[in-house]
There are 4 protein chains.
Amino acid sequence: MKTKKEQILNSALTLFGTHGFDATSTNKVAKAAGVSEGLIFRHFQSKKGLLNAVMASGVERAEQSYNEILSLKKPKDVLRGIIELPFSIEKKEHSYWKLLYSLKWQAGEYEDNSSAQLKKGLNKVFKDLKYKDPKAETEILLSIMDGMAMTILLRNPRNKKAILEVLLKKYKL
Amino acid sequence: MKTKKEQILNSALTLFGTHGFDATSTNKVAKAAGVSEGLIFRHFQSKKGLLNAVMASGVERAEQSYNEILSLKKPKDVLRGIIELPFSIEKKEHSYWKLLYSLKWQAGEYEDNSSAQLKKGLNKVFKDLKYKDPKAETEILLSIMDGMAMTILLRNPRNKKAILEVLLKKYKL
Amino acid sequence: MKTKKEQILNSALTLFGTHGFDATSTNKVAKAAGVSEGLIFRHFQSKKGLLNAVMASGVERAEQSYNEILSLKKPKDVLRGIIELPFSIEKKEHSYWKLLYSLKWQAGEYEDNSSAQLKKGLNKVFKDLKYKDPKAETEILLSIMDGMAMTILLRNPRNKKAILEVLLKKYKL
Amino acid sequence: MKTKKEQILNSALTLFGTHGFDATSTNKVAKAAGVSEGLIFRHFQSKKGLLNAVMASGVERAEQSYNEILSLKKPKDVLRGIIELPFSIEKKEHSYWKLLYSLKWQAGEYEDNSSAQLKKGLNKVFKDLKYKDPKAETEILLSIMDGMAMTILLRNPRNKKAILEVLLKKYKL
DNA sequence: CATGAATGAGTATTCATTCAT
DNA sequence: CATGAATGAATACTCATTCAT
């Protein structure tokens with residue numbers, strides 16, 4: 001059986017992800033987790049502390065995915081891996097990603113710097129592949145990834161496979 | 001001189017856009033607009049009513065841009081116009097777009113269907129230009145647009161011009 | 001009929017005076033005053049703001065008494081007036097004085113500087129009356145006043161008259 | 001090395017004395033004492049129980065001082081001893097006395113009856129010394145002591161020695 | 001004896017909304 | 001049309017206290 005701390009983290013992730021951080025009261029989190037409200041503060045100090053804990057537990061997994069791909073040897077493999085990333089978000093991870101993206105629009109709420117390494121890695125890939133303007137290409141691909149994530153998380157189109165194929169072809173993969 | 005109703009709309013747009021809908025109290029909006037709090041409710045019934053009014057006034061301008069571009073005759077001109085769109089968001093419109101995007105991540109807060117026509121139009125363009133999978137191409141371009149908007153509104157990269165050029169070249173424009 | 005703001009001030013004075021500032025919740029004040037809790041904050045910003053308002057309304061009356069006495073011409077009249085002061089606290093003013101004295105023991109809660117002028121005045125009186133050590137005499141009389149106030153407010157002895165007489169005789173009045 | 005129970009008592013005295021009883025949480029006491037919060041309740045049942053224990057340990061010392069002085073044979077020695085009392089409060093005892101006095105203003109918090117014997121003793125002294133109204137004299141001296149304690153604990157005047165001398169002269173000591 | 005997780009009632013304060021003027 | 005006093009429900013957070021270990 002899960003510890004109460006984990007129950008709180010789970011409930012918080014789901015609620016923050018679906019209704020947003022501001023719109024989710026600690027009271028709701030406590031009820032969803034089946035614990036007293038006070039316990040949240042004993043474990044996480046503040047609501048923002050809870051948010052940070054929720055994010056931290058997700059960031060780990062995300063960074064792992066990144067780094068695994070970035071450490072591949074052939075640049076083309078890296079590129080493919082990165083592009084495939086948004087398409088491989090599992091259902092049970094949706095809450096986490098929704099939360100992450102919604103936070104990006106809320107200034108100051110949460111600082112995300114996981115993309116710094118990703119940027120570096122992509123830049124190198126485009127250089128290795130002799131693209132003319134690697135920096136611009138990096139920004140474009142990062143944007144595509146963010147946009148694709150948005151599309152998949154919010155609109156969930158049926159033709160994801162077809163989309164991925166077309167996308168890969170654009171990068172000659 | 002602006003009517004008090006307009007003052008409220010302006011202040012609400014700015015505040016909602018910078019601090020978010022939830023984090024902006026009607027009290028703050030009233031003070032920023034220099035009116036009494038009660039007046040907000042006389043004019044807009046509820047806080048959500050104010051949000052809807054704010055969005056409506058923005059949607060109008062947005063749709064106008066869309067439609068102007070979509071009504072161009074040459075498919076390539078349409079394509080170029082659409083792609084250029086995120087790059088041409090004016091500073092004073094940032095609040096509106098930030099608000100729009102942040103709302104997209106908050107289920108139920110606001111329903112955006114402005115993209116339906118855009119989707120249709122793009123689909124036709126890609127068909128006319130003989131792209132193999134127009135539906136997938138449409139989804140990709142919409143995603144690129146969302147992603148580019150995110151990039152520009154949140155990270156504001158310096159090499160916007162270069163990015164746009166590379167992007168246009170990808171579509172042979 | 002009294003305004004709600006005044007009702008709040010009255011209830012706060014009574015409750016703060018009898019149970020102390022910390023032990024009195026804004027909820028209790030609101031209920032005692034027959035108003036909503038929110039109104040307290042609309043009028044006084046914070047609980048401490050309420051305390052300040054409560055004290056300010058009392059300080060005025062207190063300083064008036066002081067100054068009236070200090071402005072008497074004959075030093076002996078001043079001395080008698082000051083000594084009689086603690087004995088003339090009216091029942092309906094007990095809450096205020098209890099609150100004032102209890103606050104003196106709570107560092108930082110409320111800054112009382114009303115005694116500065118009183119000190120000056122007494123010093124002059126003792127000089128005029130050729131007492132050997134006016135400064136020490138002043139400190140002693142101030143202490144006697146504080147002590148008498150304590151005695152009267154907390155123990156309320158039956159022989160107040162007799163006490164006053166003995167006290168006056170000590171100062172040859 | 002001190003027992004944990006004593007550590008709790010010490011920390012409680014200091015904190016209660018400096019910040020007040022209400023403003024001091026059992027959590028703070030536990031942390032200051034370096035023990036678990038639960039232990040406080042094992043030893044003292046409740047927060048008020050802790051308060052009583054803190055006071056009791058102080059009352060003992062205080063009563064000892066009283067009784068020592070009251071048992072002196074010459075009435076004048078008793079009088080001098082009592083008057084000197086407030087001037088001989090040691091720095092490390094300040095917390096205790098501040099707490100005691102602040103509690104006197106909080107109805108019901110703590111019942112102080114230590115002064116009963118003191119009253120009796122003083123009454124006898126004034127009778128022995130043929131003062132005209134011993135009861136009134138007793139009340140006055142008790143008030144002076146309370147007032148002096150207040151002065152010393154809160155304002156800490158520099159001319160304490162001079163004050164004491166003048167005071168003793170008033171009682172022909 | 002001692003801990004620390006857990007609770008439930010309570011805290012000051014905020015907020016959207018109403019309404020008499 | 002416009003105000004501002006007033007409300008009641010909600011909010012994040014605190015606290016004294018309990019209890020299993």
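A, B, ... follow the sequence lines: proteins, then strands. Residue 1 opens every chain.
- Geometric assessment of A:K47 against the ring of A:F21 yields a positive cation-pi assignment under the 6.0 Å and 45° thresholds.
- Between C:R61 and C:E93 there is a salt bridge, since a side-chain N of the basic residue sits under 4.0 Å from a carboxylate O of the acidic one.
- Atom-to-atom, CG of C:N27 to P of F:dC13 comes out at 21 Å; the value is rounded to the nearest Å.
- Residue D:R42 places none of its side-chain N or O atoms closer than 4.0 Å to OP1 or OP2 of E:dA2.
- Whole-Å rounding puts the A:K47 NZ to E:dT13 P distance at 19 Å.
- Taking atom NZ of B:K5 as the reference point, atom P of F:dT3 lies 15 Å away to the nearest angstrom.
- Nearest heavy-atom pair across B:V29 and B:S11 is O-CB, 4.0 Å.
- For B:K4 and F:dT3, the shortest distance from a side-chain N or O to OP1 or OP2 is below 4.0 Å.
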- Query: C:R155 and D:D146: side-chain contact (heavy atoms from CB on, under 4.5 Å), yes or no, with the steps?
  - Reply: CA-CA 12 Å; C:R155 299 207 303 266; D:D146 279 344; 3.8 Å; yes
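- Nearest-nucleotide positions on DNA chain F for A:F41 and B:L39 put B:L39 closer to the 5' end.
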- Query: Step by step, would you call A:W97 with A:L100 a side-chain contact (heavy atoms from CB on, under 4.5 Å)?
  - Reply: CA-CA 5 Å; A:W97 287 101; A:L100 182 64; 3.4 Å; yes
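- At a threshold of 4.0 angstrom between heavy atoms, the contacts of B:S25 are confined to the sugar-phosphate backbone, with no base atom among them.
- The nearest whole Å value for the distance from the CD1 atom in D:I40 to the C1' atom in F:dA16 is 10 Å.
- One interatomic measurement links the two molecules: NZ of D:K48 to C1' of F:dC15, which rounds to 17 Å at whole-angstrom precision.
- Between D:E37 and B:G34, the residue anchored closer to the 5' end of DNA chain F is B:G34, taking for each the nucleotide with the nearest heavy atom.
- Protein atom NZ of D:K31 is 15 Å distant from nucleotide atom C1' of F:dA16, rounded to whole Å.
- Considering only side-chain N and O atoms, A:H43 lies nowhere under 4.0 angstrom from the phosphate OP1 or OP2 of E:dG4.
- Between A:Q45 and A:L50, the closest side-chain pair of non-hydrogen atoms is not below 4.5 Å.
- B:Q106 and A:D22 form no side-chain donor-acceptor contact under 3.5 Å, judged by distance and modelled atom types alone.
- Rounded to an integer number of Å, the gap from D:F44 CZ to F:dT18 P is 16 Å.
- The nearest heavy atom of DNA chain E to C:T26 and to D:G38 marks one nucleotide each, and the one closer to the 5' end goes with D:G38.
- Put simply, CG on D:D22 is 15 Å from C1' on E:dA12, counting in whole angstrom units.
- Helical stems of DNA chain F (runs of at least 3 Watson-Crick or G-U pairs, donor-acceptor distances under 3.5 Å) are listed by first residue: E:2-21 with F:2-21.
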